[in-house]
Amino acid sequence: MQELKPIKEGKVREIYDNGDSLIMVATDRISCFDVILHNEVTNKGAVLTQMSRFWFDMTRDIIPNHMISVDTRDMPEFFRQERFEKKSMLCRKLNMLPIECIVRGYITGSGWASYQKNGTVCGIRLPEGLKESDKLPEPIYTPSTKAELGDHDENISFEQSVAHLEKHFPGKGQQYAEQLRDNTIALYKKCAAYALERGIIIADTKFEFGLDEDGNMVLGDEMLTPDSSRFWPAQGYEPGHGQPSFDKQFARDWLTSHPGNDWTLPQEIVDKTIGKYLQAYEMLTGKAL
């Protein structure tokens, strides 16, 4: 069996070239504060891949996506190993658009910090008197540029996103910027309403889109995972402070409160972290992984 090497490796994902398609593998690595930790979190990659699959299937009526299959029998023999099962997705190749499409339905994180300073989030003026974690009157679209690995993404205004896209796709900047915004909001609204019925608030999330060989816009990358989104339990939701979440918060909190940690988590924190991921998956999909 031929050993294959990824053509691109992110903090958590590995991407393999498969001729006219790609294979995206979500590993069990975990990154916090843009650093890959020494621990692996068993099953984390499977949660990310299977959750993306669930949402991709649900939103085909809004926009096509890049997923072809998550069955390793549809992939080269190399991927039929235990370490790739449930974690691998065969995808269409896309010309990715250089914008991270962030949508915020609630005010939290860096958005809350910005609002406290001057009443805006990414240049968008919001109503006065909002409390931390409040639901916004309407979801807001706050794009950012995609940074190279190791750099931070930069928040930009909608107008800047037009200019940024125009640079890469002359004559199409306005059209693509509007399509990105409208698709992002439509996807968020549908999925946030569904999640809320199942006890999860999607506070914010990010999407990435690309163009297929005919120039049509297609949803790519991952979708609505605990790595790319803020999921809060609807039970006990109460504006006025931060909310507990189904993501890496356990890991982040432990690292922050234990300086000199050498980027290694104790096993109980690893177990609590994957416990949250699995709980979110089961609540959203209605089945165990």
Side-chain angles (χ1 to χ4, degrees), residues 1-31 34 36-37 40-60 62-102 146-150 153 180 183-184 187 191 205-213 216-229 247-248 274 277-278 280-281 284-285 289:
M1 179 174 60
Q2 188 189 0
E3 171 78 23
L4 298 175
K5 289 271 180 276
I7 52 164
K8 193 173 169 200
E9 220 165 327
K11 291 190 280 284
V12 173
R13 282 190 172 59
E14 294 170 348
I15 297 178
Y16 295 81
D17 194 348
N18 187 45
D20 57 358
S21 57
L22 293 173
I23 294 165
M24 269 175 51
V25 179
T27 68
D28 287 340
R29 294 195 294 264
I30 181 168
S31 82
D34 285 339
I36 297 168
L37 305 190
E40 294 230 316
V41 180
T42 310
N43 271 336
K44 177 174 173 278
V47 172
L48 298 185
T49 298
Q50 299 304 318
M51 202 178 268
S52 288
R53 179 192 87 165
F54 172 77
W55 293 116
F56 281 148
D57 281 339
M58 190 202 283
T59 53
R60 286 180 191 280
I62 295 175
I63 184 173
N65 61 66
H66 70 162
M67 177 175 71
I68 299 169
S69 172
V70 291
D71 187 340
T72 53
R73 287 172 301 191
D74 296 330
M75 304 174 201
E77 190 192 352
F78 174 69
F79 293 93
R80 285 167 233 162
Q81 305 178 52
E82 183 58 35
R83 67 185 172 116
F84 292 118
E85 288 300 333
K86 288 196 166 147
K87 296 176 187 165
S88 308
M89 184 179 285
L90 182 66
C91 302
R92 296 156 63 184
K93 280 186 172 172
L94 301 175
N95 181 11
M96 296 303 287
L97 295 161
I99 296 281
E100 299 237 307
C101 297
I102 299 162
K146 283 204 283 204
E148 291 304 307
L149 195 61
D153 300 334
L180 289 174
N183 284 320
T184 296
L187 289 167
C191 299
T205 192
K206 76 175 173 68
F207 302 115
E208 293 193 30
F209 299 85
L211 304 172
D212 68 11
E213 60 282 357
N216 300 313
M217 198 169 282
V218 176
L219 179 58
D221 198 50
E222 64 181 319
M223 182 174 186
L224 286 164
T225 69
D227 269 17
S228 66
S229 322
D247 61 10
K248 301 184 279 199
I274 190 57
Y277 277 66
L278 289 166
Y281 179 82
L284 287 166
T285 65
L289 188 68

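Predicted model, so just to flag it, every value in this text is computed and none were measured.
Under the 30°/60° scheme for interplanar angles, the aromatic rings of F79 and Y16 are found to stand perpendicular.
Atom CG of D221 is separated from atom CD of E100 by 7.5 Å, given to the nearest 0.5 angstrom. Note: D227 CG to S31 OG = 7.0 Å, rounded to the nearest 0.5 Å. Once rounded to the nearest 0.5 Å, the distance linking CD of E208 with CE of M96 reads 5.0 Å. Taken to the nearest 0.5 Å, the CE atom of M51 stands 7.0 Å off from the OG1 atom of T285. Interatomic distance, CD of E213 versus CG of L94, reported as 8.5 Å (0.5 Å rounding). In this structure, CG on L22 lies 9.0 Å from NE2 on H66, to the nearest 0.5 angstrom.
Without hydrogens or angle criteria, R92 side chain to N65 main chain gives a donor-acceptor distance under 3.5 Å. With hydrogens and angles ignored, the 3.5 Å screen pairs no side-chain donor or acceptor of S228 with any backbone N or O of T205.
Looking only at side-chain heavy atoms (C-beta outward), T49 and M24 stay at 4.5 Å or farther from each other. Residues N216 and P64 are not in side-chain contact: their nearest non-hydrogen atoms beyond the backbone lie 4.5 Å or more apart. The side-chain heavy atoms of P6 and I15, taken from C-beta on, include no pair separated by under 4.5 Å. For the pair V25 and R83, the minimum side-chain heavy-atom distance is 4.5 Å or more. Within the 4.5 Å cutoff, the side chain of L180 has heavy atoms near those of the L97 side chain. Between N43 and Y277 there is no side-chain heavy-atom pair separated by less than 4.5 Å. In this structure, the side chains of M75 and N18 stay at 4.5 Å or more apart for every pair of heavy atoms. Residues N183 and L219 form no side-chain contact, since every pair of their non-hydrogen atoms from C-beta on lies 4.5 Å or further apart.
By the neighbour-count criterion of 12 heavy atoms within 6.0 Å, atom NZ of K206 is densely surrounded, having more than that number from other residues, nucleotides or ligands.
In plain terms, the two heavy atoms of G45 and D28 that are nearest each other are N-OD1, 2.8 Å. Considering all non-hydrogen atoms of both residues, I23 and S88 come closest at CG2-CB, 4.2 Å. For the pair T59 and C191, the tightest heavy-atom approach, listed with the atom from each and the gap, is CG2-SG, 3.6 Å. For the pair T184 and F209, the tightest heavy-atom approach, listed with the atom from each and the gap, is OG1-CE1, 3.5 Å. In terms of heavy-atom proximity, S21 sits nearest to L90 at OG-CD1, 3.4 Å.
Here the options are K8, R29, K87, K5, the test is salt bridge (Lys or Arg N to Asp or Glu O under 4.0 Å), and the partner is E14; only R29 passes. Applying the side chain to side chain contact (heavy atoms under 4.5 Å, CB included) test between I30 and each of I274, L37, I36 identifies L37 as the sole match. The side chain to side chain donor-acceptor pair (under 3.5 Å) test with T72 is passed by exactly one of R80, E77, Q81, E85: E85.
Ring to ring, F84 and F78 are close: their centroids are under 6.0 angstrom apart.
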Worksheet entry | side-chain contact (heavy atoms from CB on, under 4.5 Å) between W55 and M58, intermediate numbers included | CA-CA 5 Å; W55 293 116; M58 190 202 283; 3.8 Å; yes

